[in-house]
Amino acid sequence: MNQYVFFCQPNNCDQFTYLVKEHLNYLAEKEALLEQGLIIEGEIIVADSAETAIEKFRQINLNAIEDYIQHDPTVGFTTFMMEMYHSLRRRLGIKS
């Protein structure tokens, strides 16, 4: 089992990278990523493979987004208004 550390741009984890903590050059690579402005995102993920670690990372981020949406009424209201706007445009036959 390896320990995976994930890095991404602040407030944007659509694109990310990771390092394996056990690798000899981990500290140098970590420092290079931090100097580029990336941040460490979340906790260390322990997994058998990189694919499993990435899957866990994405699931954790998806759960965090869902929790945020469910607990922030502003997001819910904004989504409702956008959907109403799009629905009205479709009904009136207005093209984008």
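For this chain, numbers begin at 1 and follow the sequence in order.
Within 6.0 Å of the CE atom in Met84, the count of heavy atoms belonging to other residues, nucleotides or ligands does not exceed 12. In this structure, Glu55 places its CD atom where only 12 or fewer heavy-atom neighbours from other residues, nucleotides or ligands lie under 6.0 Å away.
Considering only residues two or more places apart in sequence or on other chains, Leu92 meets the side-chain contact (heavy atoms from CB on, under 4.5 Å) condition with Leu88, Ile94. For Glu22, the side-chain contact (heavy atoms from CB on, under 4.5 Å) partners at least two apart in sequence or on another chain are Asn2, Gln3, Val20. When the side-chain contact (heavy atoms from CB on, under 4.5 Å) test is applied to Arg91, the partners found at least two apart in sequence or on another chain are Ser87. Partners of Thr52 by side chain to side chain donor-acceptor pair (under 3.5 Å), not counting sequence neighbours, listed by chain and number: Ser49.
Summarising the geometry of Gly37 relative to Gln9, their closest heavy-atom pair is O-OE1, 4.1 Å, with the distance given to 0.1 Å. Ile45 and Phe6 get closest at one heavy-atom pair: CD1-CE1, 3.8 Å. Nearest heavy atom pair, residue Ala53 against residue Ala47, reads N-CB, 3.7 Å.
Cluster partners of Leu27, by chain and number: Val5, Phe7, Leu19, Tyr26, Leu33, Leu34, Leu38, Ile40, Ile44. The rule joins Ile, Leu, Val, Met, Phe, Trp and Tyr whenever side-chain heavy atoms lie under 4.5 Å apart.
When ring centroids are compared, Phe16 and Phe57 come within the 6.0 Å threshold.
Screening residues 27-44 for side-chain hydrogen bond (donor to acceptor under 3.5 Å, both in side chains), with sequence neighbours left out, gives Asn25-Glu29.
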